[in-house]
Amino acid sequence: MVQRLSTLFVRTLRDNPADAEVPSHRLLVRAGYIRRAAPGGYTWLPLGYRVFQNVARVIREEMDAIGAQEVNFPAMLPKEPYEVTGRWTDYGDNLFRLQDRRKVDFLLGPTHEEMFTLLVKDLYSSYKDLPVWLYQIQNKFRDEARPRGGLLRGREFSMKDSYSFDLDQEGLQRSYDAHRNAYIRIFERLGLPFAIVSAMSGAMGGSASEEFLFPCDIGEDTFVQCTACNYSANTEAVRVGVADAIDASSVPAAKVVDTPDTPTIQTLVDLFNAREDLQLSSRQWTAADTLKNVVVNLRHPDGRLEALAIGVPGDREVDLKRLEAQVSPAEVEAFDETHFAANTALVKGYIGPGVLGTNNASGIRYMLDPRVAMGSAWITGADSRGKHVMNLVNGRDFTADGTLDVAEIRDDDTCPSCRSALTIKRGIEIGHVFQLGPKYAEALGLHVLDKNGKQQTVTMGSYGIGVSRAVAAIAEAMHDDNGLRWPLEVSPFDVHIVIAGKDDATITAAAESLVSELESAGLKVLLDDRQGISPGVKFKDAELIGVPNIVVAGRGVASGTLEVRDRFAGTAVETPISQVGPQLVAQVRGK
RNA sequence: CGGAGUGUGGCGCAGCUUGGUAGCGCAUCUGGUUUGGGACCAGAGGGUCGCAGGUUCGAAUCCUGUCACUCCGACCA
C-alpha cells in the first residue's frame, strides 16, 4: 500500500512539547504518533497506530505459535469477583470505580485474573481440558498517582495479558516456560534489548516471578546484574547470602564507651578515630564497623500494629521498597515520637541489641541483616543516653530473632550466586511472568476432576506485556538526535520516499514508478509528495518519522540514480534507478 | 500524599513587578518568488490569557479559592 504524506493525518512539530521530558515521549509527540487526550491517556494517530498494531501483531503471532488462544473481555467489570479475591480493597486508590444508574458498583479492569478464572470455571471441569492458555490484548485502567513519560506509564494503557491453567506444578512450570520462551522471541523480534530478572510477586500473589526489563537510564525499576555469572534480579528480590561465621575468640569483652554529641554515625566514627584509647592500630574505624538499629512499625492487614527493629551495618540504609516487599502484606509505617515515648526501654539515638528482641526489655522483634556474621564485633548503641558499646559480638553478647534482608543494595555488592561483584542498573518493565499457583482458583472455586474423579484445584500462571509501553520502549531504545528509528518489524512503513528538488516531471515520474513497483511487491510505502516544501523540511521530517529505509528522488534522477538511505547505518548511496526496487524488496522480505 | 514549578491561538514563548482591553516565532490560509538540509516577500484567519469569585471606572496583570499539568520524592503486576 502507499500513503501520501500530503494527505496523511499528521502534523510534525519543530519544537519539543513543554510537558514531555523523556525522549520517547517528546519524539512520539513531535513526529505526530500520539496526542495527549487525558491525564495519562493518549490518542494514537495513524502513524502511531500502525506501530502499535505491528507490535500487537508480533505478540499475537508468538502467542498463537505456542498454542495460546485470544479472547476479549470487557474493560468494565462487576465488583463481585474482585471482592471475593480481596482485590476490590487491596488495589485501593489505584482502581477506577464507577456506579451504574442503580448505584451498582463496577470497576475498570486493572488486570483480569478473576475474569479469566471465572471464564475457565464456566466452561471447563475436567483435567482432560487442561492445560489451557488464554490471552487478550486490551486496555487496562489504573489510577496511577503519577502518570509519566507519555506512553511509559499511563492510566489507560494497552496490555497483552495471558493466563495458564494447569492441573499441577509440573504443568504450571511447562506453561511458564512456554510463555517465558515466547516472550524472549517477542522482544527479540521487536528489537528490544532486555534482561530477565528475578522479581517479587507483590500484590499479584503466587511464587515464582520474573520481569523482562529493558535496560535504560530513565527506567523506574532498579535491578542488579552479576558481572560474572548470569544472576540478575530486581533489587527488591535480591537475597544476600548469610555471612559465614567468624571466630570471635580474640575479641575483647564488650565495653561501654561515653560518646556524647554523636547524633550521627559519622560523628560516632569520628569520635572513635579521635580518641587514642579507642583507635585501631591498623586502620581507621568506618561506618561499616557500627551496627545501626532502625525501628519501624508494621501495619498488618487486620489493622494490628507491630514494632520491628532491624540491625544493619552503619554504612547502609534500610531500603523501604525491599522492606515492604519482605513484610507484605503488612505495610510499613513510621515509628515516631509517640511510639518512642510509649516504649521506655528505647533511647532514641542509642538503641542497641541490649534491649531489642522479643525476650528483652523493649519486647520488639529484632532482625539482623544477613551481612552481620555470627561472631562479628560491632560498635552500637548502649541503650543509655550518650553511651555506645564496642566489641559487642553477635552470638556471644547478643542474639537476634532472625535475619531480614532489607538493607540497600549497592554497586559492587557480592553476587549471592557466585560471589562476584554486582552492578546496579535501571530498566523499564516490559514484561512480567508469574506462577500464580492456586490463589485465584481457590478463591473463585475453579476445580476440575482428575483421573480418579477427585476434585483438584487448578494452578495458574499470568503473563503480561505492556503493548503501548513496548512502543515507547522501542522508541526509547532506537532513537537518535534526529528522531525516531523503527526496526522494520514495527515500522509504520517499509520505505519512505522523498521527492526532493525542483518540481520536475521526471523526478516525480521516477518516484511514482518506484512506488508502483514496491507496492506491487507488497511493501508499505510512505511517499512525501508535498509540493512547495523545501527539501530540508522533507529530510527533517523523514528522519523524525523514523522509517528505516529512505529513498530520495532528486537531482540524481537526471543521471539515472536514486539515493538510498539507511536510517540506522546513516549511509546514503546513489543507486541506479533500476536496482533500487529489487534491492529494497529483497531487504524488506529478508527482515 | 509531601516539596518545587508552570497554566496566554495547534506547538514553543513574551507581556504580569508598575492594572488601560493581547504580542512574537513556528504551524495554517491567499498571492508571488524559491527548491538537496527546518527558504523569502506581501497579505490573512485563529486566543474573552485554566476555571470561579473578589478589588477596581477598568484585570492576562492585584487578592482569594479551585482545577490541571510538569519535575523531585512517596506510591505503583
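If you're wondering where the values come from, they're calculated on a predicted model, not measured in any experiment.
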Complementary nucleotide for [N] - Watson-Crick or wobble, under 3.5 Å:
N: B:rU66; value: B:rG50
N: B:rA27; value: none
N: B:rG20; value: B:rC57
N: B:rA74; value: none

Describe the nucleic acid contact of [X] in one word from base, sugar-phosphate, nothing, applying a heavy-atom distance below 4.0 Å.
X: A:R11; value: sugar-phosphate
X: A:I533; value: base
X: A:V29; value: nothing
X: A:D541; value: base
X: A:E563; value: base
X: A:K140; value: nothing
X: A:R155; value: nothing

Q) Where the side chain of A:A18 is concerned, which of B:rC71, B:rG36, B:rC13 is the nearest nucleotide? A) B:rC13
Q) Out of B:rG38, B:rC69, B:rG36, which nucleotide sits closest to the side chain of A:R14? A) B:rG38
Q. Any N or O donor-acceptor pair linking the side chain of A:R36 to the base of B:rG10 at under 3.5 Å?
A. no
Q: Ignoring hydrogens and angles, answer whether the base of B:rG37 and the side-chain atoms of A:E543 contain a donor-acceptor pair closer than 3.5 Å.
A: yes
Counting just side-chain N and O atoms, does [X] come under 4.0 Å of either OP1 or OP2 of [N]?
X: A:R142; N: B:rC75; answer: no
X: A:R30; N: B:rC11; answer: no
X: A:S534; N: B:rA39; answer: yes

Taking the [atom1] atom in each of [N] and [M], what is the distance between them to the nearest angstrom?
N: B:rG46; M: B:rA52; atom1: C1'; value: 26 Å
N: B:rA39; M: B:rA59; atom1: C1'; value: 42 Å
N: B:rG73; M: B:rC51; atom1: C1'; value: 29 Å

Q | Nearest-angstrom distance from the residue atom CD of A:E144 to P of B:rU70 | A | 13 Å
